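Just below is one structure, and these are the notes that go with it.
Reminder, nothing fancy here: chain letters follow the sequence lines and each chain counts from 1. Just so you know, these numbers come straight off a predicted model, no measurement behind them.
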There are 2 protein chains.
Amino acid sequence: MNRKREGMMKQEAKEDVKQKILDGAKHLFARKGFEGTTVRQICDEAGVALALVSYHFGGKENVFYALFDSLEPGLLKETYDLTDPESDFRKFILEFVRFRMSEPELINILQQEVMMQSPRLEKLQEVMFPVWLLLRNILQAGKEQGQFQFESLKHTMYVVVGTLVYSRTSSFLEPLLESIPGASTKESFEEVVAYTTQYILNGLQRK
Amino acid sequence: MNRKREGMMKQEAKEDVKQKILDGAKHLFARKGFEGTTVRQICDEAGVALALVSYHFGGKENVFYALFDSLEPGLLKETYDLTDPESDFRKFILEFVRFRMSEPELINILQQEVMMQSPRLEKLQEVMFPVWLLLRNILQAGKEQGQFQFESLKHTMYVVVGTLVYSRTSSFLEPLLESIPGASTKESFEEVVAYTTQYILNGLQRK
DNA sequence: GTCTATACAGAGATAGAC
DNA sequence: GTCTATCTCTGTATAGAC
């Protein structure tokens with residue numbers, strides 16, 4: 001009895017601390033990068049003692065991977081039967097933008113790792129591979145069925161992925177856009193989806 | 001006489017070592033990031049002694065900035081009079097892709113820094129600001145003259161910059177594209193320019 | 001100008017008390 | 001499970017010989 005109660009308390013406390021570490025790490029990795037973030041910073045941010053990263057995760061690297069373990073891109077929960085590629089593509093863009101806006105820090109981290117082709121990328125690829133494979137299949141089906149027109153699937157993948165993944169989180173363009181009326185207004189999810197969808201579909205010369 | 005000759009020799013040797021350090025640093029920053037790169041690695045890569053980074057540049061940070069000091073994006077050397085925005089835009093894309101393909105590592109580094117909104121970004125902004133300003137003016141002129149159709153300049157800036165800047169250097173999509181016939185062929189400069197131009201202009205609903 | 005050797009701060013990880 | 005104190009290694013920067 002006593003033991004069981006202790007066990008539960010431990011469990012709860014453990015989850016709490018682990019989550020606090022993960023939250024702090026996500027925030028710091030996004031802003032400082034993996035190498036630029038120290039275990040001390042993570043623990044300070046989480047408000048826990050230095051030793052707990054090693055205790056719960058066994059090192060900084062495992063904290064990093066744990067960030068992506070829990071990640072199940074909602075994207076793939078939808079059904080894509082490829083009978084109507086344009087409709088599938090619209091759904092895909094919608095879900096991707098939803099993912100990007102709900103987890104901007106993870107997208108940010110992912111981007112950094114891709115840029116530097118980090119040794120940690122292999123595991124991240126496992127997460128993203130199904131997503132890019134789906135995109136590939138949608139594009140290919142769309143071409144075959146005449147809904148999209150393009151010559152090179154490879155080039156198309158790159159420009160489309162570039163458009164999708166490019167983060168609006170970083171505000172480096174802001175100083176340039178301040179003078180524009182209404183530009184400082186926070187854009188809504190629907191707005192971004194509509195805009196991105198239109199741009200990409202136009203880019204693919206949809207009839 | 002003797003002194004003068006010594007001075008020249010020093011100058012030559014200095015330039016040589018400085019350049020070797022810059023080259024090594026560029027390569028390493030692109031692959032490991034600023035924080036992930038050590039001065040030791042830079043000097044090993046350059047084949048010089050550890051102390052020389054401090055001697056010539058006064059620290060790692062200044063090596064970083066020096067990488068962008070010498071950078072004059074050829075982009076801006078062209079003339080853009082905005083009387084024919086579409087033509088200007090095509091020229092802009094051409095020059096931007098040329099820049100991206102000639103300095104992939106700098107683009108890579110720039111992207112990393114933008115992602116993490118690093119404290120070094122301020123100086124990098126100075127380099128890129130004129131470029132994005134020019135793009136903004138071209139888009140705005142094109143809209144006013146009816147060559148481009150879009151509602152929000154802000155959104156348009158983001159999707160276009162995303163398309164332009166997204167690096168094809170990183171090969172994370174390769175495993176997905178291997179099965180495609182001809183995909184492993186190295187794409188040519190002209191090919192990438194043509195493709196990017198078409199995608200973006202279509203995206204802007206050019207008539 | 002360039003090198004080797006070293007100082008000193010900071011990193012990640014662990015030991016051991018509670 | 002969590003904390004503090006500490007170990008060890010590696011980081012940047014400098015001192016001093018050549």
Side-chain angles (χ1 to χ4, degrees), chain A residues 1-29 31-67 116 118-120, chain B residues 1-29 31-67 116 118-120:
Chain A
M1 271 255 220
N2 235 340
R3 254 187 232 154
K4 193 169 184 180
R5 198 140 135 240
E6 257 182 47
M8 285 179 66
M9 284 171 69
K10 271 186 201 169
Q11 193 62 20
E12 283 164 16
K14 183 182 163 190
E15 286 310 306
D16 195 39
V17 167
K18 283 182 84 167
Q19 196 54 49
K20 279 195 285 187
I21 288 173
L22 286 171
D23 290 343
K26 194 200 290 185
H27 185 230
L28 285 161
F29 287 156
R31 286 298 303 269
K32 307 271 205 171
F34 179 78
E35 305 278 1
T37 299
T38 72
V39 175
R40 275 180 177 82
Q41 288 173 324
I42 295 173
C43 292
D44 285 354
E45 184 91 4
V48 300
L50 173 64
L52 294 183
V53 157
S54 286
Y55 180 78
H56 286 296
F57 295 92
K60 185 167 89 162
E61 190 135 334
N62 290 113
V63 175
F64 182 88
Y65 291 128
L67 283 179
M116 53 182 82
S118 89
R120 298 168 291 282
Chain B
M1 270 256 224
N2 236 338
R3 251 188 233 153
K4 193 168 182 180
R5 197 142 137 239
E6 258 182 47
M8 285 179 65
M9 284 171 68
K10 270 185 200 168
Q11 194 61 21
E12 283 163 16
K14 184 181 161 191
E15 287 310 306
D16 195 40
V17 167
K18 284 181 82 167
Q19 195 54 49
K20 279 195 285 188
I21 288 173
L22 287 171
D23 290 343
K26 194 200 291 185
H27 185 229
L28 285 161
F29 287 155
R31 286 298 303 270
K32 307 271 205 170
F34 178 79
E35 306 278 1
T37 300
T38 72
V39 176
R40 246 179 263 273
Q41 288 172 325
I42 295 174
C43 292
D44 284 353
E45 184 91 2
V48 300
L50 172 64
L52 294 183
V53 157
S54 286
Y55 180 79
H56 286 297
F57 295 92
K60 185 168 86 164
E61 190 136 336
N62 289 335
V63 175
F64 182 88
Y65 290 129
L67 283 179
M116 54 180 82
S118 88
R120 297 168 292 282

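- The CD-C1' distance, from A:Glu35 to D:dT10, rounds to 12 Å in whole Å.
- Nucleotide D:dG11 holds its P atom 7 Å from the CD atom of B:Gln41, rounded to whole Å.
- The CZ atom of B:Phe57 sits 15 Å away from the P atom of D:dT12 (whole-angstrom rounding).
- B:Lys32 contributes no side-chain N or O that, together with a main-chain N or O of A:Glu35, makes up a donor-acceptor pair within less than 3.5 Å.
- Between the CD1 atom of A:Ile21 and the C1' atom of C:dA13 there is a distance of 14 Å, given to the nearest Å.
- Distance, A:Ile42 CD1 to C:dG10 C1': 15 Å, rounded to whole Å.
- One interatomic measurement links the two molecules: CD of A:Gln19 to P of D:dG1, which rounds to 16 Å at whole-angstrom precision.
- For the pair A:Lys20 NZ and D:dG1 P, the interatomic distance rounds to 14 Å; values are reported in whole Å.
- Distance NE2 (A:His56) to P (C:dT14): 15 Å, rounded to an integer number of Å.
- Legend: residues meeting salt bridge (charged side-chain N to carboxylate O under 4.0 Å, His left out) with B:Arg120, ordered by chain and number and at least two apart, are B:Glu113.
- Checked against side chain to side chain donor-acceptor pair (under 3.5 Å), A:Asn62 has no partners two or more places apart in sequence or in another chain.
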Donor-acceptor pairs under 3.5 angstrom involving side-chain atoms of residues 40-47 of chain A: please list them, not counting sequence neighbours.
{"from": "A:Gln41", "atom 1": "OE1", "to": "A:Thr38", "atom 2": "N", "distance (Å)": "2.9"}
{"from": "A:Glu45", "atom 1": "OE2", "to": "A:His27", "atom 2": "ND1", "distance (Å)": "3.1"}

task: Using a 4.0 Å cut-off on protein heavy atoms (strictly under), produce a 5'-to-3' string for nucleotides 13-18 of chain D with B for base contact, S for backbone-only sugar-phosphate contact, and - for none.
output: BBB---
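- Take B:Lys26 and apply the side chain to side chain donor-acceptor pair (under 3.5 Å) test, not counting sequence neighbours, and it matches B:Glu103.
- For A:Phe34, the ring pair (Phe, Tyr, Trp, His ring centres under 6.0 Å) partners are A:Phe29, A:Phe64, not counting sequence neighbours.
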